[in-house]
Amino acid sequence: MKKPLILAALLWSSVVLADGKPNVVILATGGTIAGAGAGVANSATYQAAKVPVDKLIAGVPEIRNVAEVRGEQVFQIASESFTNEHLLTLGKRVAALARQPDVDGIVITHGTDTLEETAYFLNLVLKTDKPVVVVGSMRPGTAMSADGMLNLYNAVAVAAAADARGKGVLVTMNDEIHTGRDVSKSVNIKTDAFRSPWGPLGMIVEGKAYWFRAPAKRHTTGTEFDIDTLDRLAPVDIAYGYGNASPTAYKAFAEGGARALIHAGTGNGSVSGAVVPTLQALRDKGVQIIRASRVTGGGFVLRNAEQPDDKYDWVVAHDLNPQKARILAAVALTRTQDTRELQRMFMEY
Ligand code: DGL
């Protein structure tokens with residue numbers, strides 16, 4: 001660590017010791033929360049990933065009433081452009097900060113398009129009970145009634161809250177606190193865009209967290225995965241089920257090196273008769289087949305219900321939506337190729 005950084009860290013920790021407020025680090029990655037539009041009426045027309053982290057923090061001075069904060073600009077991208085490498089880089093930085101005794105909580109500002117994927121990934125691989133809170137916004141800070149300022153304030157307040165420890169990776173959007181496992185972007189253009197099919201964990205109001213339930217699945221300190229042992233994620237792709245579906249996409253993904261295919265099926269993860277033979281053939285070649293559902297918002301894919309999963313040696317994604325199923329498969333396949341082991345992981349995480 002360079003001399004100025006040492007001095008900055010010493011100053012930061014001395015200020016904290018004097019002041020007693022929790023230390024929260026804000027890692028910025030881009031997205032709309034860092035976006036800028038041409039005018040105050042542009043709530044949906046803007047450029048994402050423009051505003052640097054220090055300006056984001058300066059835009060919400062009240063943050064300093066709840067925590068001592070400092071920012072790091074990890075990326076400056078729109079989140080639809082996230083790759084597995086971005087996930088690994090971000091996860092390793094979060095893990096390193098979480099190990100620091102002078103860091104009490106971490107906030108990640110992120111585009112909302114793939115925020116749910118990053119939050120679930122971190123929930124799977126971080127071995128810390130410190131609060132890690134992922135936050136975004138649906139409107140740029142330049143728009144009327146922008147939501148980013150309060151979302152960021154809420155995220156820092158949750159990251160600084162002692163009772164947020166041990167709850168896994170969290171997402172704060174629109175006054176709600178969600179588990180990174182369940183939440184997804186369910187509306188593409190409103191401020192109350194993020195929903196969890198089993199409901200939020202709680203709410204954050206005027207800087208105080210109110211909790212109403214706890215996560216039910218394994219996460220963070222209870223996980224068997226570890227970001228520090230991961231240097232790559234398995235290539236996994238998703239293909240949609242629909243009327244008149246063809247097997248072309250599945251074949252192309254497998255030829256492209258996919259180690260698993262997530263079938264975003266109709267209803268209970270059903271597979272068209274025109275596609276089943278291709279999936280069976282790909283399974284025989286060692287590609288894992290994981291049935292998810294294109295139907296989101298509650299429910300789960302039941303094993304051996306409309307498809308003989310045992311006979312075909314397929315996996316079901318349980319209640320995970322297709323994009324989250326991809327994240328778990330990409331991590332799980334770095335540890336096992338065994339179908340039963342994969343199915344266990346999909347039931348436990
Ligand atoms: N390009 C989208 C992203 O970075 C903007 C959406 C947002 O952040 O709200 O995810």
Side-chain angles (χ1 to χ4, degrees), residues 26-57 59-60 71-91 93-94 106-123 132-156 158-159 169-178 180-196 200 204 238 296 321-324 326-327 330:
I26 299 175
L27 300 180
T29 72
T32 297
I33 196 167
V40 294
N42 293 119
S43 60
T45 306
Y46 56 85
Q47 282 199 303
K50 290 295 173 196
V51 180
V53 62
D54 291 340
K55 202 171 174 194
L56 289 181
I57 296 171
V60 194
E72 292 182 12
Q73 193 79 46
V74 183
F75 315 123
Q76 185 68 295
I77 60 173
S79 72
E80 63 268 24
S81 301
F82 254 66
T83 64
N84 289 346
E85 288 65 38
H86 287 110
L87 290 176
L88 290 166
T89 300
L90 179 62
R93 185 60 190 139
V94 174
I106 296 155
V107 168
I108 298 160
T109 61
H110 195 292
T112 58
D113 284 7
T114 63
L115 189 151
E116 69 203 73
E117 298 172 44
T118 299
Y120 184 43
F121 171 73
L122 296 173
N123 203 51
V132 175
V133 185
V134 190
V135 64
S137 75
M138 294 301 292
R139 296 172 181 159
T142 49
M144 281 185 275
S145 301
D147 53 333
M149 284 175 66
L150 182 56
N151 284 354
L152 182 57
Y153 176 78
N154 287 345
V156 172
V158 172
V169 174
L170 303 169
V171 173
T172 58
M173 289 290 288
N174 196 46
D175 304 330
E176 293 181 337
I177 309 169
H178 293 262
R181 180 199 183 270
D182 294 351
V183 74
S184 67
K185 185 175 183 178
S186 304
V187 178
N188 76 327
I189 204 161
K190 294 199 305 185
T191 51
D192 69 336
F194 280 72
R195 311 268 165 84
S196 290
I204 172 82
I238 304 170
T296 55
N321 66 26
Q323 53 270 30
K324 289 186 185 247
R326 182 192 78 82
I327 294 290

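Source: prediction; values computed, not measured. Indexing begins at 1, ligand by ligand and atom by atom, following the structure's order.
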Any Gly136 heavy atom less than 4.0 Å to ligand 1: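 It does not, in that no heavy atom of Gly136 comes within the 4.0 Å cut-off of ligand 1.
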Contact with ligand 1 for Phe82, non-hydrogen, under 4.0 angstrom: no
Which of the numbered atoms in ligand 1 are below 4.0 angstrom from a heavy atom of [X]?
| X | answer |
| --- | --- |
| Tyr46 | 5 (C), 6 (C) |
| Ala78 | 1 (N), 4 (O) |
| Ser79 | 3 (C), 4 (O), 10 (O) |
| Gly31 | 4 (O), 8 (O) |
| Ser137 | 7 (C), 8 (O), 9 (O) |

Polar side-chain atom of Gln73 near backbone of Val53 as donor-acceptor pair, under 3.5 Å: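 Yes; judged by distance alone, with no hydrogens or angles, the pair exists.
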Of the listed options Ile189, Thr114, Thr32, closest to atom 6 (C) of ligand 1 (non-hydrogen atoms):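 Nearest option to atom 6 (C) of ligand 1, by heavy atoms: Thr32.
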Under 3.5 Å: N/O of Lys185 near N/O of ligand 1: no
Test of proximity, Thr112 against ligand 1: N or O pairs below 3.5 Å: yes
For atom 1 (N) of ligand 1, the protein heavy atom that lies nearest, with its residue and separation: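 Heavy-atom neighbour on the protein nearest atom 1 (N) of ligand 1: Glu80 OE1, 2.7 Å.
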Phe75 ring center near His86 ring center (under 6.0 Å): yes
Contact check, side chains of Ile106 and Val133, non-hydrogen atoms, under 4.5 Å: no
Val171 and Leu115, any side-chain heavy atoms less than 4.5 Å apart: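 A side-chain contact under 4.5 Å exists here.
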Leu27 CG to Arg93 CZ distance, which is reported to the nearest 0.5 Å: 7.0 Å
Verdict with reasoning, Val187 to Phe194, per side chain to side chain contact (heavy atoms under 4.5 Å, CB included): CA-CA 7 Å; Val187 178; Phe194 280 72; over 6 Å; no
Minimum-distance pair of heavy atoms, taken over all atoms of Arg326 and Leu87: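 Smallest heavy-atom distance, with atoms named: NH2-CD1, 4.5 Å.
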Residue pair Lys185, Met138: steps toward the side chain to side chain contact (heavy atoms under 4.5 Å, CB included) verdict: CA-CA 10 Å; Lys185 185 175 183 178; Met138 294 301 292; 3.7 Å; yes
